[in-house]
2 protein chains.
Amino acid sequence: MSAATSEGRRPARTRILETAARLFYAEGVHAVGIDRIIAEAGVAKATFYHHFPGKDDLVRAYVNEQSAAQRATVAAMGIESPRERLHAVFTYMCDFGSGPGYRGCPFVNTSAEYPDPAHPVRQAIAEHRRWNRDLYRDLLAADGHPDAERTADILLLLRDGIAVGFEQEDHATVRTATEEALARVLR
Amino acid sequence: MSAATSEGRRPARTRILETAARLFYAEGVHAVGIDRIIAEAGVAKATFYHHFPGKDDLVRAYVNEQSAAQRATVAAMGIESPRERLHAVFTYMCDFGSGPGYRGCPFVNTSAEYPDPAHPVRQAIAEHRRWNRDLYRDLLAADGHPDAERTADILLLLRDGIAVGFEQEDHATVRTATEEALARVLR
DNA sequence: ACGGTACCAGACAGGTCTGTCTAGTCTGAA
DNA sequence: TTCAGACTAGACAGACCTGTCTGGTACCGT
C-alpha cells in the first residue's frame, strides 16, 4: 500500500510547498537545494518536477503563498476602526518579529537573492508590496488622514525598517521605536 | 616580466577585494563563486587562498570594506552643524539609492544570505549597524534633541526602510517619503 | 648571489547543484 | 478490467562549488 495517498497524508504538492517555505525562509533560497526539499518533503524527484517546471517556479509559488498568508491574516482581523486596524497590522508585525523563528521578511530576503527586478520572482514580490502599500493608503484614507498617499509611502518605509530591525537588533528596542515612530508619523 | 607587479598593477589582494565587492553587491554572495572572482581579478587560485583562508573570510573583508567606505564618506563631509550633517547623511543615502547601480544595502543583502546571527559575517554587519546607530545618536545629541536615544532607533528603522525602498520602489517617491518622514520623526 | 615573498597557471579531488530519465506502484473512474 | 494520473525510487549527466596541490616566475632586501 502506498503510504503517499492512502494514509491521509497531504498531497505531494502541499508537502513540497510547506517544506520549501520552511527551508527557504530559514536558510535562504540559494542555500537550499531541490534534493533536500524532496528528501524532507518525502517526495520523489519526478513528482517535484511534475508539479514545478523548475526551482524558480517553486520560489515564485513560495512568495505567492507568503503573500496570500499575510493577506488572509489581515482579512481575518476583527472589524476594528481603520485606525485600530492600522495599529493592529503593525502590532502583528512586532509580535511576529519577536517570535522565536523570525528570520527577517521573506520578501526582502528573497529579493536580495534575485538581483534582476524583471525576474518573475521579483515581480511576485513587487505585487505583494503594492498590496501592502495600498492597504496602508486605504486604511489611512478611511480614517480621514489628510495625506494618505504620502503617509502610506512613509509607512512602507517603516514596515521595511521593522522587518530588518527585528532581524538585526534587540526586539524590545525595535518595538518601542516602532510605536514611537508610528505616533510621530501619524501625528 | 611578470605583469602583476612591474606594470603598476594594483596588488592582488586589492584586485580580489574590488572584484568581490563588485560581484557580491551586484549578484549576491552565494551566486558568485571563487573561480569567477579570481578570473575577473586576474589572480591565481593559490594567490587567493594565500590572502584569504576561505570564502567567508573574503565576505567578512567585503563587509568591513563597505563599512570603512561609509565611515570615510561621513567623515569627509564638511563640518556642517549636527542637524545639517544628519540631513546630509540621509540625502547622501537618497542620492546613492537613486544611482544606476543601486542594488540595495550591502549589509542587509549579505545578512539575508547568512541566517546565523553568530556567524562572523553577521557580527561584522552588526558592528557596522552599531556605528550607524551611534552616529545618529551622537548627531542628535549634539543638536540638543531631547530624546536622542529613541530617535536614533527610529532613524535606524528609517535607514533600513530607505535602503530597501530604493531597491523596490520608485526613486522619486522614496525620496519624497524620506524627506517627509525625516521631518515628522525629528518634529 | 641568495632566499623570502608574492605571484602566476592550471590540474585535481570530492562534493553539490539542477534537471532528465527509466521503471515500477497504487488508486479511482469509466 | 482497463487505463490515466499521481506517485515512488534512484541512476545519470553536466555543470559548478570550495579548497588543495604542484611547479614555476619575478621582484626585492641583504
Side-chain angles (χ1 to χ4, degrees), chain A residues 1-24 26-63 110 112-116 119-121, chain B residues 1-21 23-24 26-63 110 113-116 119-121:
Chain A
M1 168 172 47
S2 160
T5 49
S6 46
E7 283 176 18
R9 256 171 103 192
R10 316 167 78 80
R13 190 176 199 279
T14 307
R15 268 147 49 212
I16 293 170
L17 259 178
E18 286 172 351
T19 307
R22 176 171 53 84
L23 295 178
F24 284 164
E27 304 183 25
V29 171
H30 287 352
V32 175
I34 296 295
D35 280 346
R36 181 140 168 247
I37 291 172
I38 65 169
E40 296 202 18
V43 156
K45 208 161 197 178
T47 303
F48 171 81
Y49 281 102
H50 169 73
H51 287 290
F52 301 95
K55 189 182 181 181
D56 277 355
D57 300 86
L58 174 63
V59 178
R60 198 148 44 88
Y62 157 65
V63 169
T110 303
E113 299 200 59
Y114 285 86
D116 179 10
H119 192 286
V121 168
Chain B
M1 168 173 47
S2 159
T5 49
S6 47
E7 283 174 17
R9 254 171 107 191
R10 316 166 78 80
R13 191 177 200 278
T14 307
R15 269 147 47 214
I16 293 170
L17 260 178
E18 285 172 351
T19 306
L23 295 178
F24 284 164
E27 304 184 24
V29 170
H30 286 352
V32 175
I34 296 294
D35 280 345
R36 180 142 168 245
I37 292 171
I38 65 170
E40 296 202 19
V43 157
K45 208 159 196 179
T47 303
F48 171 81
Y49 281 101
H50 169 73
H51 287 291
F52 301 94
K55 188 182 181 182
D56 277 355
D57 300 86
L58 174 63
V59 177
R60 198 149 44 88
Y62 157 65
V63 168
T110 303
E113 300 200 58
Y114 285 86
D116 180 10
H119 193 286
V121 168

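Just so it is clear, the model here is predicted, and its values are computed rather than measured.
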task = May I have the distance from B:D56 (atom CG) to D:dC17 (atom C1'), rounded to whole angstrom?
result = 13 Å
ask   = Which residue pairs satisfy the salt bridge (charged side-chain N to carboxylate O under 4.0 Å, His left out) criterion with at least one member in residues 44-55 of chain A, sequence neighbours excluded?
value = A:D35-A:K45
request  = Identify, with sequence neighbours excluded, every residue that meets side-chain contact (heavy atoms from CB on, under 4.5 Å) alongside A:R36.
outcome  = A:L23, A:E27, A:V32, A:E40
note = All heavy atoms of A:A20 vs all of A:I37, minimum pair found to be CB-CD1, 4.2 Å
message = For a quick test of reading the model: is some side-chain N or O of B:R15 closer than 4.0 Å to OP1 or OP2 of C:dC8?
response = yes
ask   = Taking only residues two or more places apart in sequence or in another chain, which ones pass ring-ring contact (aromatic ring centres under 6.0 Å, His included) with B:H51?
value = none
request  = Go through the structure and list residues passing side-chain contact (heavy atoms from CB on, under 4.5 Å) with B:H50, not counting sequence neighbours.
outcome  = none
query = Considering only heavy atoms, which members of residues 44-51 of chain A lie under 4.0 Å from some atom of DNA chain C?
reply = A:K45, A:A46, A:Y49
request  = Whole angstrom is fine here: how far is it from CZ in B:F52 over to P in C:dA6?
outcome  = 13 Å
ask   = Which heavy atom in B:R15 sits nearest to a heavy atom in B:V43, and how many Å separate them?
value = NH2-CG2, 3.4 Å
ask   = If you take all heavy atoms of A:A26 and B:P115, which pair is closest and at what distance?
value = O-CB, 3.3 Å
note = Axis-to-axis angle across the helix from C:dA1-D:dT30 to C:dA30-D:dT1, five pairs each end, nearest 10 degrees, ~ 0°
ask   = Listed by chain and number, what are the salt bridge (Lys or Arg N to Asp or Glu O under 4.0 Å) partners of A:D56, not counting sequence neighbours?
value = none
message = If the condition is ring-ring contact (aromatic ring centres under 6.0 Å, His included), which residues does A:F48 pass it with, not counting sequence neighbours?
response = A:F52
key: Between C:dC17 (P) and A:K55 (NZ): distance, integer Å   = 8 Å
query = Going by number, which of residues 26-42 of chain A have a non-hydrogen atom under 4.0 Å from DNA chain D?
reply = A:G42
Contact summary for A:Y49 and A:I34, nearest pair of heavy atoms = OH-CG1, 4.0 Å
